[in-house]
Amino acid sequence: MNTKGQQIIRQWYKQKNWRQFPFQQEMEETYLAGFSGLLNAPTGSGKTFALFLPFLADFINRRPDYKTRQNNGLQMLWITPLRALTNDIKKAMQEACDDLQIPWKIATRTGDTPAAEKAALKKKLPEVLLTTPESLHLMLAQKEYPNIFKSLQVVVIDEWHELLGTKRGVQVELGLSRLKALSQESIEINNNSKLKTQNSKLRIWGISATIGNLEQAAEVLLGNDFPPEKIKMVRANLEKKLVIKSIIPDSIENYSWAGHIGLKLLPQVMELVAKSKTTLIFTNTRSQSEIWYHAILDGYPEYAGIMAMHHGSLDNELRNWVEQALHAEALKVVVCTSSLDLGVDFRPVDTVVQVGSPKGVARFMQRAGRSGHHPGAVSKAWFVPTHSLELLEGAALKEAIRREIFESRDPMLLTMDVLIQFMVTLAVSDGFRADELFNEVKTTYAFADLTRREFNQLLDFITNGGKTLAQYDEFLKVEVENGLYKVNSRRVAMRHRLSIGTITSDMSVRVRWLSGGSLGTIEESFISKLKPGNVFWFAGRSLEFIRVKEMSAYVKKSNAKKGIIPSWMGGRMPLSSQLTAVLRDKLDEVAHGIEKDEEVTALMPLFKLQQELSHLPQSHEFLIESFKSNEGHHLIFYPFEGRLVHEGMASLLAYRISKIKPASFSIAMNDYGFELLTDEDIPIEQALEDAAFFSIDNLLDDIQHSLNANEMARRRFRDIAHIGGLLFTGYPGQQVKNKHLQASSSLLFDVFSEYEPDNLLVRQAYNEALAFQLEEFRLRAALQRIQTQNIILKTIERPTPFAFPIMVDSLGRERLTTETMEERIAKMARRYGAEGVDANESKKPRKVGVVRKKGF
């Protein structure tokens, strides 16, 4: 029997001439039954209404006078990772409320919300508030914040898969632990004592695209105190029609390198654009989006006025304009980055182009879903390789999607910097009591293993500065009054509110016109290299740099045709472990002569040349190539495990070789393999005789010796110190210079390392360096895999198609040159006889050096 609320919602669907999907009906029943959990639904499937409409139905059931305007208080908190998502969601929710004659105003509170609107929200709360993790914590930093949430019925975490595995996800976990505690009610029992139990009133729901660990994702979201019988997973199980094709170059170059052929395929891309209604061209970096935008504008000036660019460094007004223009069908093509990955519903978009490997299956699926972004529509995505071998990644992407192999998002654990920030946040508002907060924090997945000793160390740190900072007043932030931990200093409170959040990057400088108005932000490290009169390209414009004043770079329009493209930190993403596994499967098919993909067919001349010069490794084989040149002795290994794993493995194996014969190595790597280069002969045969060469025994000790682990941890510590409140980046418009922050964090790291070796933040820095910079878990698994494989050592006379792109990467080792990158690569190609080489003209390899079986 349907409730009144359900009947009204069903009628609304009929009026809209929409069909309610089975998963939406299941979500409705589940929500109204009082469950919390995770909704797994693809983009464009109607997932927002799947959760919002049951919430409205529940309100209608509880309030028969739902059409009467009343002060209901905050009923729903909707948390999203991107501020850009709130506009579309707000519009859809408001329309539904208006249709149903529910007199609510849907509101947003993000970093973009004007101060006047934020003040108005404090006076009168809306029934539904759309916000971000950072804004939730800013609300928790307000005095008497429990009053904000006293009527709260449900918290929804949208795009939970994007937050999981990040410090922002930990922020969400901690925020939810506080909201759950606030919702607890005291219940009288027989002996007149009081018992706290989870109030069934508060529901918590996450919305997630498909990832490899959905069940764990639900556990992380809800915490370890949620009754299992009140948790459910709702899956859409919709057959999303997805058409994926690769743009195949007219001719495949056997010796190619990263970025070599991307723009060469622009004519084919523009043919797709011309045939489509609206196209999104996704690039992996902001720099790449600027380059492609200008290439289109230069080559196809007729698109001026109907094309735009969208990335996270552009001013919010510009981004909003692009999104509105997409909705209005006023744009033919938009060049963008991950800033348009999530949730925004652009129905006019019917084609997506991915430039270069997205490095992950889930990321590609998310982007492909931007086209045909409504139920029943077909999503069309084209893959544009930026070098020849990336075509094999295109084949692997299609295979992974067909086999439904998606990346897992491993949750972050014991991030002490986030916990310190949270503790001070609560101390800034109404204060906290240690025992109560410890018990709350322990309910989260992230801090389930937190010990009381560690928690007490953090308490001592925020009140007394710990063992080393007690003499410095700026670190003594929290005071204890009758057991209540509280911030009494208005200056400390203000600085803390300005610092809330876990997103860290190089210090940004706002780019402003001399005549007024803002274009966006560029990292300080780029601006600091400019001189007055220099021309650079940003936001689709040619700009002349005038001066820097108070963290703003003032510019004027330039008519110059050439200019520098800004670069941002963190541009290179490694291949995911899932995609590398499928890539190795594809390579095994090639080695066995299986040719079922158009991408593989196109690459056959390259693979034949690789086989003739060296070897095509099968799944049970691990290839190492060795050759000599004027530069020295080269060893090239091919784990196909991604750039970060290769960085760690290269240093590790170089260290283990140096124990046999002392040597200095130069290292280069890409996603497919890595190179060790030294002046002297490398005793690789002797190293391979030792069973410990690829062993995981003493792995951490060997990593510590092979890499400057201290320096890696020092680099991680800067962000940790920022999040943990040890570094204040400055007031708005008065930011502290990047070099000063770096010096301060480095000094703190040294002080802690010397005088407080058990410091939790230093320990965290080392753990993060291992986990994220070296991907130690993947490195360990890769070494274990290699130990079971046959080692194929080939001595070759010149670089192979597999080796060449790695060696191109090594050009970055040269300190000073007046040649362009293209000139240097061409010279290298001529030096090794690679220029113009094809499979028929190649020379045979020399005799195989060592073939050693392992595990067979």
Side-chain angles (χ1 to χ4, degrees), residues 38-43 81-82 157-170 172 206-221 233 235-236 240 242 244 282 284-285 337-338 341-343 352 354 356-370 379 381 383 390 392-413 445-446 570-586 639-646 648 671-672 768 771-782 785:
L38 193 67
L39 169 60
N40 169 221
T43 185
L82 280 181
I157 316 299
D158 202 0
E159 307 284 0
W160 173 233
H161 60 282
E162 287 292 328
L163 293 167
L164 182 63
T166 69
K167 290 184 180 180
R168 297 182 80 205
V170 177
V172 170
I207 303 176
S208 174
T210 299
I211 55 176
N213 57 332
L214 277 172
E215 286 74 16
Q216 186 184 39
E219 290 176 34
V220 177
L221 177 70
M233 175 90 68
R235 299 176 189 262
K240 180 68 175 173
L242 180 61
I244 304 170
F282 278 101
N284 289 334
T285 66
T337 63
S338 56
D341 269 7
L342 304 180
V352 160
Q354 168 65 43
S357 169
K359 305 299 182 184
V361 185
R363 185 180 296 113
F364 184 69
M365 281 288 288
Q366 191 80 26
R367 292 179 176 180
R370 296 296 95 211
S379 293
F383 174 69
E390 261 190 349
L392 193 62
E393 290 185 48
L397 271 172
K398 292 197 281 190
E399 179 71 12
I401 290 169
R402 186 185 67 78
R403 288 159 53 184
E404 297 186 349
I405 297 173
F406 299 104
E407 289 83 11
S408 294
R409 300 291 178 96
D410 297 323
M412 296 190 78
L413 305 175
Y445 195 98
R572 283 183 166 179
M573 300 178 291
L575 279 174
S576 72
S577 58
Q578 285 75 10
L579 191 52
T580 54
V582 182
L583 185 69
R584 291 193 298 271
D585 290 345
K586 283 293 166 190
F640 290 92
E641 273 290 353
R643 176 179 294 274
L644 294 183
V645 173
H646 294 164
D671 278 319
Y672 309 139
E768 285 189 14
F772 301 112
Q773 199 162 335
L774 292 177
E775 295 193 287
E776 184 252 340
F777 181 80
R778 280 182 68 181
L779 172 61
R780 188 179 294 269
R785 172 176 59 80

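No experiment lies behind these values; they were computed from the predicted model shown.
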Is the backbone N or O of Arg643 less than 3.5 Å from a side-chain atom of Asp671, with the two atoms forming a donor-acceptor pair by type?
yes

Can you find a pair of side-chain heavy atoms, one from Glu775 and one from Glu641, that are under 4.5 Å apart?
no

Before you tell me yes or no, could you show the steps for Gln366 and Phe282 under side-chain contact (heavy atoms from CB on, under 4.5 Å), namely the whole-Å CA-CA distance, both residues' side-chain angles and the distance that decides it to 0.1 Å?
CA-CA 11 Å; Gln366 191 80 26; Phe282 278 101; over 6 Å; no

Please answer whether the main-chain N or O of Ser357 pairs with a side-chain N or O of Glu390 as donor and acceptor at a distance below 3.5 Å.
yes

Beyond-backbone contact of Met365 with Thr210, side-chain heavy atoms, under 4.5 angstrom:
no

With distance as the sole test, does His161 use its side chain to make a donor-acceptor pair with the main-chain N or O of Ser208 at under 3.5 Å?
no

Show your working on side-chain contact (heavy atoms from CB on, under 4.5 Å) between Ile157 and Ile207 and close with a plain yes or no.
CA-CA 6 Å; Ile157 316 299; Ile207 303 176; over 6 Å; no

For Ile211, is there any backbone N or O sitting under 3.5 Å from a side-chain donor or acceptor partner on Arg409?
no

How about Glu407 and Ser576: does a side-chain donor come under 3.5 Å of a side-chain acceptor?
yes

Verify the neighbour count for atom CZ of Phe777: are there more than 12 heavy atoms of other residues, nucleotides or ligands below 6.0 Å?
no

Test side chain to side chain donor-acceptor pair (under 3.5 Å), reference Asn284, set Lys359, Gln354, Arg363, output is Gln354

Ignoring hydrogens and geometry, is there a side-chain-to-backbone donor-acceptor pair from Arg785 to Pro639 under 3.5 Å?
yes

Once the angle between the rings of Phe364 and Phe383 is folded into 0 to 90°, is it parallel (under 30°), tilted (30 to 60°) or perpendicular (over 60°)?
perpendicular

